[in-house]
Structures are given as structure tokens and as C-alpha cells.
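Read the structure below first, then the notes.
All heavy atoms count here, side chains included; hydrogens, waters and symmetry mates do not.
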Amino acid sequence: MGAWTGVLPSLLLGLLLTSTPRAHSANPGLVARITDKGLEYAAKEGLLALQEALRRITFPDFTGDFRIKPFGSGRYEFHSLDIRSCELLDSALRPLLGQGLSLSISNAFIRVQGNWKVRKAFVRLRGSFDLSVKGITISVNLLLGSDPFGRPTVTASNCNSQICNVEVDMSGDLGWLLNLFHKHIESKFQRVLESKICEMVEKSVTSDLQPYLQTLPVTTEIDNFAGIDYSLTEAPQAAAQMLDVMFKGEIFNLNQRSPVAFLAPVISLPEEYSHMVYFAISDYVFNTAGLVYYKAGYLNFSVTDDLIPPDFHIRLTTKSFRPFIPRLARLYPNMNLELQGAVVSAPFLTFSPGNLSSTPQMEIEAFVLLPNSLKESVFRLGVTTNVSAILSFNTSRITGFLRPGKVQLELKESKVGVFSVELLEALINYYILGNLYPKVNEKLVTGLQLPMLKRTQLYDLVLQMHKDFLFLGANVQYTRD
């Protein structure tokens, strides 16, 4: 991977690269904001990467004729040109309204060494030379877009390089003679260098940077049946202090994707600029997850007596239920029961300042396990509970933990008469707290991967809860190979 792979991962802080407007422009589920501070860091990283790229420029041999009185005419050749040092001191990366980014580099210096040969009639002489190139400036526009799959693209445009001063010092036999027409030689070197610099920039953007941008995940698997769509949804919104990048942020079933019946909310990001990058992750991301897992039956459960600890005071048998459902015990003496629980509708999270909660609606249906291996429904319960969630994030992932509230039961339907549900509440609370919530928390601990390019990590993390979205702030560190 070439040196420009270091320019934009940090240049766009490991997350961005954006798209031209797509066929639809629904609200994004996730917005990444790159601040002035982030662009400044990107320019610094880009400077180091470009410095490495310039050191690898190869120059062609070039020749020319000279005529100096009283020596007459001859022919010279410069070959084996090698960049010995390169320093790029100042750079700036700025949003380019409606197009992408503009990168400018100034106050740069290059030192080149090589060999020369002179031929006059039958005389051939040779020596070495030192070339000092000072006051180099480079400017290039990085036009950001997307392909039909929502993957980022970048092209270089309007590249321009200028050199203020070129000095050649030649040594060896007749080196003093070549120094007499150094202006001609220096002018030729300057033209070659200026064209080579932009040629290198444009080639690196195409062959190194563009493939690197393809490492930005468009689809990331969460587990064996769910993934998240991080395709780009619209053009970058560039302003004086920032660049906003829009991601779809929709979680979907990997085997059978279906349209989502609700839209992402409009996100109004806070005016925060103290960190390099901010993520605004709307409740749409989490609620599409709830929809996928609901349709997959992930939150459904079944409880039989063998799953109840031996020392628990309630058993899933008709005999154990005799004190509070006597008719059940009379109609089905000494039989086992099975409780089947299911979420009635997809659980939705509610975001508010400082709080994240959900009120899932569930139902539990009780079955008697008949001797002929058939099941017979005997009553149905409604289940309500309030769940709060704690979210956090690390260098690349959002993780979570559910803090359950008490489960409350309501008798919805019964074939064995009306009865109190208090003892059943104790059983259901025991099972859900000990089995269902740990199962969900196991998923939440794995977390959700943020859309980031390779070799980038987040640090100095902050997290805020706002209405309809989670707001994450961080600085970015790019790790070189």
C-alpha cells in the first residue's frame, strides 16, 4: 500500500469519504462530523505520508546541447537522479464546498543527487551534482463521491505544483564549465520536477488512496443473521469548520432483507468542536436492530419445569399450581406445564437527554403437556416491564448493557378460571432476569462496529444522550504499518 494510504485515513479520520447524492435521500441513521481540529490532524498525517511518497519519485535521464564561447558546442546528460532528503513543513486541509476537500502544502524542500556526463567531439567527461529545490508549493482538490454500491470514491483534480528556487552545484572535470550555464539546467530541472510532483499525486490517489477507501465498511456483519448497512446516502455537507458525512445506518437481516416501515429522525448536531470527530447515531439504528431480532424470534422463550432450579418454591406442574389455580389441577392432574413467551411487537428504544429506555410488550401462553405429547393452551398473560439501557463506546465499537425493571403480569385469557398472577410474577421475574436478559446483554457486550477505515482508533472519548440520538466525540489516532 502506497504512502497516500496514510493521507486520507487520517485525512478523513478513519471514517468519512462520502458520496454524491443518491437516488433517495432519506434521513441518515448515522452522521460523522469532522471538525477543523480533525482536518488539521489529517493534514499533518497527510504531510508525513506525502513526504514519503515524494522520496520515491523517479526521474528520467535527460540530455541537452550547450554552446559556450570559446569552447564551442557539446552535449550533456544528467542521470541516476536520486532524492536524498525531503521536508514538507506546512500544510492545510479545508472543506471544498459541495465537492470534497482541498489540500495545500507549502514551504517544502527537496535535495537531489545524481551524475552528469559531457561529450565534446571525442572528449568525454563526467562528475556528480547536487540539486537543491526550495519553496515548493502543492495544491490539489480531492473530489469525493460514491459508486453505485455506496462505497466511497476519490479523484484528484486541479493539481498544481510550483517551485520558487532551484540551485545546481556540479563537481568533477569541467564541472565549472557546466556551472556557467546553470540557469538553463536549473530551469529544465524545475519543469521536470513540477510535472513529476503532480503526476505522482494523481497516480497515488488512483492506485493507493482509492483502494484504501474501499476498506471503509459498507456492510458489516453483527452476527450470523444481522448486519448493518453503512452505505453513503448523500454528498458531504462542507462548511467553514467541519465536514458532515451521512451513512444509512440500517440494521437488516442478512438472509432476507425487507423494507423498514419507519424513517430515521432528523438529527440536529450540537455545536461542539473540541474533538476531531463526532458521531451522531440516531435511534433508527437501534430500532432497526430491534425489528430484525423481533422478526427472527430472538426474544422468544420457552420455560419448562426442567429449567427451574430444584430448590425454587414454584414448579411448572399442575400440582404446584393447585393453591392459586385449583381448577387447572383438577382438569389436568399431575401434568407438566410449559410457558411460551413472545414479544408482541418490535421493542423500540426511546432516547432523551441523559436517558435511554424501552417498554417492551410481551405475552406468555401456558400449555399443559398432555400424555399423548400434545399441548393444550390453558391461559394467556400480558407482560409489561420498563428497561433502561447503559451505552458506552471504546476505540471502535458501541457496547451496551440492559438494566431490567420488574416484570408485571396481567391475565388476558383463561380456560381455567380467574386467578392471581403474583406467584407467577415471581417465577417469570426469576427466569427473565436469569436467562433472557443475560442472553440479550451478551449481544450488547459484543457491540456495534463503527464505520472506520483500517488502522484508525478513537481516544479521549465522550458520550452524550440527546433526543432521538446518541452523540459520541473522540480524537483519532492513525497507526502506521
Side-chain angles (χ1 to χ4, degrees), residues 9-18 27-45 93 95 216-217 220 222 228 230 236-247 249 251 264-287 289 349-358 387-403 441 444-479:
S10 48
L11 199 155
L12 298 181
L13 305 178
L15 347 129
L16 57 157
L17 273 311
T18 133
N27 297 326
L30 185 150
V31 178
R33 169 167 290 177
I34 315 305
T35 65
D36 240 5
K37 184 177 179 181
L39 294 177
E40 181 181 338
Y41 172 75
K44 178 182 175 182
E45 286 293 315
L93 183 64
L216 184 71
T220 299
I222 298 172
I228 183 165
Y230 279 136
Q237 304 296 314
Q241 291 182 292
M242 60 196 176
L243 182 71
D244 286 350
V245 186
M246 318 303 181
F247 298 88
I251 293 176
V266 176
I267 300 175
S268 179
L269 275 70
E271 295 296 318
E272 294 275 356
Y273 303 101
S274 59
H275 286 76
M276 295 181 187
V277 63
Y278 290 92
F279 290 97
I281 307 168
S282 78
D283 56 12
Y284 176 82
V285 177
F286 301 95
N287 289 334
L349 290 172
T350 301
F351 286 63
S352 59
N355 186 51
L356 176 60
S357 62
S358 178
V387 179
S388 61
I390 300 171
L391 294 180
S392 61
F393 81 112
N394 54 30
T395 56
S396 63
R397 288 179 176 271
I398 306 168
T399 60
F401 180 83
L402 291 184
R403 182 181 291 165
N441 282 331
L444 294 176
V445 167
T446 302
L448 184 66
Q449 178 72 47
L450 292 169
M452 297 175 63
L453 290 168
K454 285 186 177 180
R455 300 192 297 277
T456 53
Q457 288 190 328
L458 305 176
Y459 69 98
D460 287 344
L461 313 174
V462 295
L463 185 152
Q464 300 172 9
M465 205 76 68
H466 292 262
K467 182 177 177 1
D468 298 331
F469 68 94
L470 185 68
F471 192 56
L472 314 177
N475 291 324
V476 178
Q477 179 68 48
Y478 173 68
T479 305

- [ ] Calculate, to the nearest 0.5 Å, the distance between atoms OH and CD1 belonging to Tyr41 and Ile34 respectively.
- [x] 12.5 Å
TODO: Looking only at non-hydrogen atoms, find the nearest pair between Phe393 and Ile398 and report the distance.
DONE: CB-CA, 3.9 Å
Task: For Thr395, side chain to side chain contact (heavy atoms under 4.5 Å, CB included) partners two or more places apart - done: Gln457
Open item on the list: Does Val31 form a side-chain contact (heavy atoms from CB on, under 4.5 Å) with Val245? I'd like the steps, not just the answer.
Closed with: CA-CA 6 Å; Val31 178; Val245 186; over 6 Å; no
Task: Exercise: identify the closest heavy-atom pair between Met452 and Pro217 - done: O-CD, 3.4 Å
- [ ] Determine yes or no for a side-chain-to-main-chain donor-acceptor pair under 3.5 angstrom, with Asn287 supplying the side chain and Leu349 the backbone.
- [x] yes
Task: Phe247 side, atom CZ; Ser282 side, atom OG - distance, nearest 0.5 Å - done: 13.5 Å
Task: Heavy-atom check, side chain of Leu458 versus side chain of Phe279, under 4.5 Å - done: yes
- [ ] Quick one: pull up CG in Leu448 and CD1 in Ile228 and give me the separation to the nearest 0.5 Å.
- [x] 4.5 Å
TODO: Identify, with sequence neighbours excluded, every residue that meets side chain to side chain donor-acceptor pair (under 3.5 Å) alongside Ser274.
DONE: Tyr278
- [ ] Could you tell me the separation between the CG atom of Leu243 and the CZ atom of Arg33, rounded to the nearest 0.5 Å?
- [x] 10.0 Å
- [ ] Could you tell me whether the side chain of Ile390 reaches within less than 4.5 Å of the side chain of Arg403, counting heavy atoms only?
- [x] yes
Open item on the list: Can you give me the closest heavy-atom contact between Pro28 and Ile267, atom names plus distance?
Closed with: O-CD1, 4.2 Å
TODO: Working to the nearest 0.5 Å, report the span between CD of Gln241 and NZ of Lys37.
DONE: 13.5 Å
Task: Tyr230: partners by side chain to side chain donor-acceptor pair (under 3.5 Å), with sequence neighbours left out - done: none
TODO: Would you give the length of the straight line joining atom CG of Leu30 to atom CG of Leu450, rounded to the nearest 0.5 angstrom?
DONE: 7.0 Å
Open item on the list: Is it the case that the side chain of Thr35 and the backbone of Met242 share a donor-acceptor pair, with hydrogens and angles ignored and the cut-off at 3.5 Å?
Closed with: no
Task: Which atom of Ala389 lies closest to which atom of Leu402, heavy atoms considered - done: CB-CD2, 3.9 Å
TODO: May I ask you to check whether over 12 heavy atoms, not counting those of Glu272, lie within 6.0 Å of atom CD?
DONE: yes
Task: Student check: side-chain heavy atoms of Leu39 and Pro95 closer than 4.5 Å - done: yes
- [ ] Considering non-hydrogen atoms only, spot the tightest contact between Leu93 and Ala42 and give its length.
- [x] CD2-CB, 3.6 Å
Open item on the list: Counting C-beta onward and ignoring hydrogens, is there a side-chain heavy-atom pair between Ser358 and Thr350 closer than 4.5 Å?
Closed with: no
Task: From Lys44, Glu45, Arg455, residue fulfilling side-chain hydrogen bond (donor to acceptor under 3.5 Å, both in side chains) relative to Tyr478 - done: Arg455
Open item on the list: Tell me every residue that passes side chain to side chain donor-acceptor pair (under 3.5 Å) with Thr220, counting only those two or more places apart in sequence or in another chain.
Closed with: none
Below 3.5 Å, can you tabulate the donor-acceptor pairs from side chains in residues 459-473 to any protein atom, sequence neighbours excluded?
| from | atom 1 | to | atom 2 | distance (Å) |
| --- | --- | --- | --- | --- |
| Asp460 | OD2 | Asn475 | ND2 | 3.1 |
| Gln464 | OE1 | His466 | NE2 | 2.8 |

Task: Thr399 side chain to Gly447 backbone, donor-acceptor under 3.5 Å - done: no
Task: Donor-acceptor contact present, side-chain Asn441 to main-chain Leu444, <3.5 Å - done: no
Open item on the list: Can you give me the closest heavy-atom contact between Gly249 and Tyr284, atom names plus distance?
Closed with: O-CD2, 3.7 Å
